[in-house]
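Worksheet: one structure, shown below.
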Protein chains: 2
Amino acid sequence: MESSDLKKAGLKATLPRIKILNFLESSGRDRHMSAEDVYKAMLESGEEVGLATVYRVLTQFESAGLVTRHNFEGDHSVFELNDGEHHDHILCVKCGRVEEFVDEVIEQRQHAIAKENGFAMTDHALYIYGVCGDCQKK
Amino acid sequence: MESSDLKKAGLKATLPRIKILNFLESSGRDRHMSAEDVYKAMLESGEEVGLATVYRVLTQFESAGLVTRHNFEGDHSVFELNDGEHHDHILCVKCGRVEEFVDEVIEQRQHAIAKENGFAMTDHALYIYGVCGDCQKK
DNA sequence: GTTTGAATGAGAATCTTTCGCATTTAGACC
DNA sequence: GGTCTAAATGCGAAAGATTCTCATTCAAAC
Ligand SMILES: [Mn+2]
Ligand SMILES: [Mn+2]
Ligand SMILES: [Zn+2]
Ligand SMILES: [Zn+2]
């Protein structure tokens with residue numbers, strides 16, 4: 001459906017790419033998914049795409065700015081559809097819940113710190129880990 | 001030498017653990033090393049320790065609070081000796097240079113954000129990526 | 001010094017991700 | 001619509017990082 005988005009991103013509108021993009025757009029709550037997550041979820045919904053293709057396409061989407069890659073799990077990457085607005089994440093170490101936030105003070109301090117150290121900042125990753133409200137009750 | 005530190009941490013003072021701890025303590029500039037880095041560097045200096053043991057010991061040191069694990073490279077962990085003071089990192093995406101910093105404003109905002117989201121904060125990771133001064137000149 | 005459970009080393013195994021290559025396909029051109 | 005061609009796919013093999021298994025060794029308690 002969104003083959004226009006793909007072409008705009010300089011990517012040929014192939015069936016696997018369309019399927020994966022559609023899938024990411026329709027995965028409301030669980031926005032943050034690993035390649036394996038995407039692969040399995042698509043299998044279950046009958047949309048067959050090779051695992052290697054999922055990895056390739058997600059990486060291409062990242063380069064094209066369609067998705068963002070995160071490494072807050074340490075041992076594997078998770079991806080989320082890029083909605084244009086940057087945000088950071090706070091994660092529950094018990095249940096895996098993920099909340100998003102933006103803090104202008106932190107954003108500004110980061111730029112200041114980069115400048116202080118003579119760096120031209122290109123990116124940053126901020127992950128806050130903790131126990132969410134629900135998990136504290138248990 | 002520092003077998004006392006190990007015992008204090010509840011770890012038996014074995015030869016591999018003593019060697020690795022000594023090595024970490026003597027690695028001045030390159031404080032941030034992967035398990036493989038530690039393994040190879042020790043081989044070169046004649047201190048033979050199995051790779052699996054390096055992985056095991058570093059993980060034990062982490063649990064004991066002797067070292068801190070970072071994932072700023074995405075695909076593998078790096079470790080650094082814990083000096084008691086928390087700090088964050090700014091990394092050059094060209095040459096891999098790592099600088100350390102502490103920013104109280106950011107630290108406080110993080111706690112505030114956790115509270116706002118109902119989380120009991122346990123940890124956080126902040127990595128700023130950019131091009132360092134030297135690499136900008138090239 | 002002896003005993004014994006814990007730690008080690010070596011390689012196998014696992015997990016995530018990438019590669020190689022034969023086959024398929026999107027998009028350009030007729 | 002039919003042809004063509006480079007690019008994309010799917011599969012299994014391969015790679016890199018880390019963990020596991022298990023026989024052997026060792027620290028430290030007695
Ligand atoms: Mn997000
Ligand atoms: Mn550091
Ligand atoms: Zn939770
Ligand atoms: Zn640099």
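Chain identifiers are assigned alphabetically (A, B, ...) following the order of the sequence lines, protein sequences preceding nucleic acid strands; residue numbering begins at 1 within each chain. Keep in mind that the numbers below use all heavy atoms, side chains included, and drop hydrogens, waters and symmetry copies. Every value quoted in this text rests on a predicted model; they were computed, and no experiment measured them.
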Exercise. Please identify each residue that fulfils side chain to side chain contact (heavy atoms under 4.5 Å, CB included) with B:Glu107, with sequence neighbours left out.
Key: B:His86, B:Asp88, B:Glu104, B:Gln110, B:His124
Quiz item: Where along residues 68-78 of chain B does a heavy atom fall under 4.0 Å from DNA chain C?
Solution: none
Quiz item: Quick one: CZ on A:Phe101 to CG on B:Asn117, what's the gap to the nearest 0.5 Å?
Solution: 8.0 Å
Practice problem: Check side chain to side chain contact (heavy atoms under 4.5 Å, CB included) between A:Asp134 and all other residues, then give those that pass, not counting sequence neighbours. | Solution: A:Arg97, A:Cys132, A:Lys137
Could you list the donor-acceptor pairs under 3.5 angstrom formed between side-chain atoms of residues 43-50 of chain A and any protein atom two or more places apart in sequence or on another chain?
from, atom 1, to, atom 2, distance (Å)
A:Ser45, OG, A:Ala41, O, 3.2
A:Ser45, OG, A:Met42, O, 3.2

Exercise. Taking the side chain as every heavy atom from C-beta outward, state whether B:Ile106 and A:Ile113 have any atom pair closer than 4.5 Å.
Key: yes
Exercise. Kindly write out the residues that satisfy ring-ring contact (aromatic ring centres under 6.0 Å, His included) with B:Tyr127, not counting sequence neighbours, or none if the list is empty.
Key: B:Phe72
Self-check item: From A:Ile90 atom CD1 to A:Leu126 atom CG, the distance as rounded to the nearest 0.5 Å
Solution: 9.5 Å
Quiz item: Heavy atoms under 4.0 Å, any strand shown: does B:Ala35 hit a base, just sugar-phosphate, or nothing?
Solution: nothing
Exercise. Could you pull out all residues at least two apart from A:Glu62 that satisfy salt bridge (charged side-chain N to carboxylate O under 4.0 Å, His left out)?
Key: A:Arg69
Quiz item: Which heavy atom in A:Ala35 sits nearest to a heavy atom in A:Val54, and how many Å separate them?
Solution: O-CG1, 3.5 Å
Self-check item: 5' to 3' contact window, DNA chain C with chain A (heavy-atom distance under 4.0 Å)
Solution: C:dT16 to C:dG27
Self-check item: Which residues share a side chain to side chain contact (heavy atoms under 4.5 Å, CB included) with A:Glu100, sequence neighbours left out
Solution: A:Arg31, A:His32, A:Glu80, A:His87, A:His89
Exercise. Go through the structure and list residues passing side chain to side chain contact (heavy atoms under 4.5 Å, CB included) with B:Glu36, not counting sequence neighbours.
Key: B:Ser34, B:Tyr39, B:Lys40, B:Leu51
Extract from the structure each pairing of a protein N or O with an N or O of nucleotides 10-12 of chain D at less than 3.5 Å, listing the distance.
from, atom 1, to, atom 2, distance (Å)
D:dG10, OP2, A:Gly50, N, 3.0
D:dG10, OP2, A:Thr53, OG1, 2.8
D:dG10, N7, A:Arg56, NH2, 2.6
D:dG10, O6, A:Arg56, NH1, 3.3

Exercise. Locate the shortest heavy-atom distance separating A:Asn82 from A:Gly65; write the atom from each residue and the value.
Key: ND2-O, 3.1 Å
Practice problem: Only counting residues at least two apart or in another chain, list the ones meeting salt bridge (charged side-chain N to carboxylate O under 4.0 Å, His left out) with B:Lys115. | Solution: none
Practice problem: Name the closest nucleotide to the B:Tyr55 side chain, picking from D:dA27, D:dA8, D:dT19. | Solution: D:dT19
Self-check item: Global bending angle along the helix from C:dG1-D:dC30 to C:dC30-D:dG1, which compares the axes of five pairs at either end, to 10 degrees
Solution: 30°
Self-check item: Which residue lies more 5' along DNA chain D, comparing B:Lys12 with B:Glu36 via nearest heavy atoms
Solution: B:Glu36
